[in-house]
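Okay, so here's the structure we're looking at.
One is the number of the first residue; the rest follow in order along the sequence.
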Amino acid sequence: MPALSDVMEYAELFTIAPLVIDQDHCVAVRNRNARCRQCRDICFASAITIENNEISVDGGACVNCGACLGVCPTSCISATEPARSEVVEAALQAAVRAKGVTCIACARKAARHDADPELFAQVPCLAHITEGLLADIAAAGARDIALVDGNCATCKYGAADAAIECTLDNALKLFETLEAPIIVTRLQEFPPEFANTFKRDIRGADRRGLMAQTGRYLRTVANNVAQKTLEDKLGSAKSKPRTLKDRLGAGKSGKMPTFPADENMHLIDCLLKVGNSEKIANLTEGKVAWHEDAALNTRHFGSVTIDSEKCSGCGLCVLFCPTEALKYGEFDKPDNPDMRYLEFQAADCTQCSMCVDVCLRDCIEVTPNVSMREVLDFEPRLIEIPRPKDRLPLFNKKFP
């Protein structure tokens, strides 16, 4: 007879977590000095915990509002129910039936059956809608996007209202900067043409949705069971825990492994598809003067400045930058032999502020105000800093 602990362990395989977290991409996991707690702070259900270089989600407490999805600077949090790709696909399919209007509604509004369920996609809460998701839909051809929810003041997800407004504000800024002809509207009622005037078989539509959801659930359970079986065979569950340094694969110099700023790159690709081609050409070819280029001010993309008079040249900002937005210059050399260049790439900066948090001289500033021309520029901006006089010992007892 199996032990109770074994039964409980396998029972957990049938619980689908509403969120998936890439631990190694979280800046608070990578460095305990990182101040970023945006996901935890925005979670009104207190389901997210960050401590001891680990981030975890209490699946029982999480209400799956999605508010944490958009605030993570490194996009280490993703939803499973529904996945972003599923929402995009459902929205685009519904838009075909709706003759052009792409509509996404929250579950509370959809449950009232005021509109034909074939004409819109559904999410638990509109906080699941991120800038990247809207960019996906726009790049696929949508031009008129309607987001419909009920009265958030009386909803259990109501605390996510501010997150929804922030997402819309950021998305509109991105579209407007490149003059993309995208309309995004938040409504409390479905458009009149969506009304369920033909009394379609709502229960039939709901049944199809339930079957699709059940199919995704069974696939996830099968994957969990297969993974657990493989881990047991390999004995990974009983292996000795590795240190954070070993797990992340930090080099002898202390350089932390980096990962690409995928969400930023994805946003740029989508914006290039939907933006005004003439303005984009003028920006990329340098025909627009710097002072004429409107600055972005969103939670995506950032600008880094370093006070060279305060800087000691220790290089901690380069060692810990997760996306390699900051790195040592390879070719250009300043005239002063006591100075060196750092290369900064605005497109790779996610405003995680890790460089600020590890700086021992408090000489680095990260701001959301960045030129769109700099974001689209393939050439990095050079930042002059002093050459270090003494190498700072890393990963020892003296290092905080």
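Hydrophobic cluster membership differs between Ile42 and Leu19, with clusters built from Ile, Leu, Val, Met, Phe, Trp and Tyr side chains linked at under 4.5 angstrom. Criterion: ILVMFWY side-chain heavy atoms under 4.5 Å apart, direct or through other members. Under it, Ile383 and Val370 are not part of a common hydrophobic cluster. Linking ILVMFWY side-chain heavy atoms closer than 4.5 Å, directly or via other members, places Leu342 and Val358 in two distinct hydrophobic clusters. Using a 4.5 Å cut-off between side-chain heavy atoms of Ile, Leu, Val, Met, Phe, Trp and Tyr, with links allowed through other members, Tyr157 and Ile129 fall into different hydrophobic clusters. Criterion: ILVMFWY side-chain heavy atoms under 4.5 Å apart, direct or through other members. Under it, Phe301 and Val71 are not part of a common hydrophobic cluster.
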For side-chain contact (heavy atoms from CB on, under 4.5 Å), just list the numbers for Val274 and Arg143, CA-CA rounded to whole Å, side-chain angles, deciding distance to a tenth of an Å, and then say yes or no.
CA-CA 9 Å; Val274 302; Arg143 294 296 178 264; 4.1 Å; yes
Please step through side-chain contact (heavy atoms from CB on, under 4.5 Å) for the pair Thr323 and Thr258, ending with a clear verdict. CA-CA 5 Å; Thr323 60; Thr258 59; over 6 Å; no
For Leu283 and Leu178, what are the C-alpha separation, side-chain angles and deciding distance, and is it a side-chain contact (heavy atoms from CB on, under 4.5 Å)? CA-CA 10 Å; Leu283 285 171; Leu178 290 182; 3.7 Å; yes
Let's go through Cys76 and Cys26 carefully: what are the C-alpha distance in whole Å and the side-chain angles of both, what is the deciding distance for side-chain contact (heavy atoms from CB on, under 4.5 Å) to 0.1 Å, and is it a yes or a no?
CA-CA 6 Å; Cys76 72; Cys26 174; 3.9 Å; yes
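Contact of the Glu324 side chain with the Asp348 side chain is not registered, since no non-hydrogen atoms from C-beta on lie closer than 4.5 Å. Here the side chains of Glu343 and Leu326 are not in contact, with every heavy-atom distance at 4.5 Å or above. Counting heavy atoms from C-beta outward, Val57 and Thr49 have side chains that stay 4.5 Å or more apart. Put simply, the side chain of Arg186 reaches to within 4.5 Å of the side chain of Glu165, judged on heavy atoms. Here the side chains of Val27 and Thr74 are in contact, with some heavy-atom distance below 4.5 Å. Within the 4.5 Å cutoff, the side chain of Val184 has heavy atoms near those of the Leu168 side chain. Leu69 places none of its side-chain heavy atoms less than 4.5 Å from the side chain of Cys72. Counting heavy atoms from C-beta outward, Asn170 and Glu131 have side chains that approach closer than 4.5 Å.
The heavy-atom pair separating Arg387 from Met339 by the smallest distance is NE-O, 3.2 Å. Here the closest heavy-atom approach between residue Cys106 and residue Cys125 is recorded as CB-CA, 4.2 Å. Closest approach of Ala346 and Glu374 over heavy atoms only: CB-CG, 3.8 Å. Annotation for Met354 and Ala34: closest pair CE-CB, 4.0 Å, computed over non-hydrogen atoms. Closest heavy-atom contact between Ala121 and Val87: CB-O, 4.3 Å. Across Cys152 and Asp161, no two heavy atoms sit closer than the pair SG-OD1, 3.8 Å.
Here Glu89 contributes atom CD and Ile137 contributes atom CD1; the two are 12.0 Å apart, rounded to the nearest 0.5 Å. Note: Glu179 CD to Ser277 OG = 10.0 Å, rounded to the nearest 0.5 Å. To the nearest 0.5 Å, the span separating CG on Asn276 from CG on Leu271 amounts to 12.5 Å. Between Ile77 atom CD1 and Gln38 atom CD the span is 10.0 Å, to the nearest 0.5 Å. In this structure, the separation between CG on Asp149 and CD1 on Ile104 is 12.0 Å, given to the nearest 0.5 Å. From Ser371, atom OG reaches atom CG of Leu296 across 8.0 Å, with rounding to the nearest 0.5 Å.
In this structure, the ring pair (Phe, Tyr, Trp, His ring centres under 6.0 Å) partners of Phe259, at least two apart in sequence or on a different chain, are His25. Residues satisfying the ring pair (Phe, Tyr, Trp, His ring centres under 6.0 Å) criterion with Phe190, sequence neighbours excluded, are Phe120.
Results of the side-chain contact (heavy atoms from CB on, under 4.5 Å) test with Ile145 over Ile183, Val101, Ile182 single out Ile182 as the only residue that passes.
Remark: Asp269 does not engage Lys273 in a salt bridge, criterion side-chain N to carboxylate O under 4.0 Å. Between Glu193 and Lys99, none of the side-chain N atoms (NZ, or NE/NH1/NH2) sits under 4.0 Å from a carboxylate O, so this pair counts as no salt bridge. Ion pairing of Arg84 with Glu263 is present here, as a side-chain N (NZ or NE/NH1/NH2) and a carboxylate O approach within less than 4.0 Å. Taking a cutoff of 4.0 Å between a charged side-chain nitrogen and a carboxylate oxygen, Arg35 and Asp357 qualify as a salt bridge.
No donor-acceptor pair closer than 3.5 Å links the side chain of Arg299 to the backbone N or O of Thr350. With Asp377 contributing its side chain and Arg373 its backbone, the two residues share no donor-acceptor pair below 3.5 Å. The closest donor-acceptor contact from the side chain of Arg40 to the backbone of Ile50 lies at 3.5 Å or more, if one exists at all. Under the 3.5 Å distance criterion, the side-chain polar atoms of Ser353 are left unmatched by any main-chain donor or acceptor of Val356. Between the side chain of Lys333 and the backbone N or O of Arg340, no donor-acceptor pair lies under 3.5 Å. Between the side chain of Asp136 and the backbone N or O of Val88 there is no donor-acceptor pair closer than 3.5 Å.
More than 12 heavy atoms of other residues, nucleotides or ligands sit less than 6.0 Å from atom CG of Asn336.
Side-chain atoms of Asn369 and Asn297 form a donor-acceptor pair, as typed in the model, at a separation below 3.5 Å.
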If you look only at distance, which donor and acceptor atoms sit under 3.5 Å apart when one is on a side chain in residues 303-321 and the other is two or more places apart or in another chain?
from   : atom 1 : to     : atom 2 : distance (Å)
Ser303 : OG     : Arg381 : NH2    : 3.4
Asp307 : OD1    : Glu309 : N      : 3.0

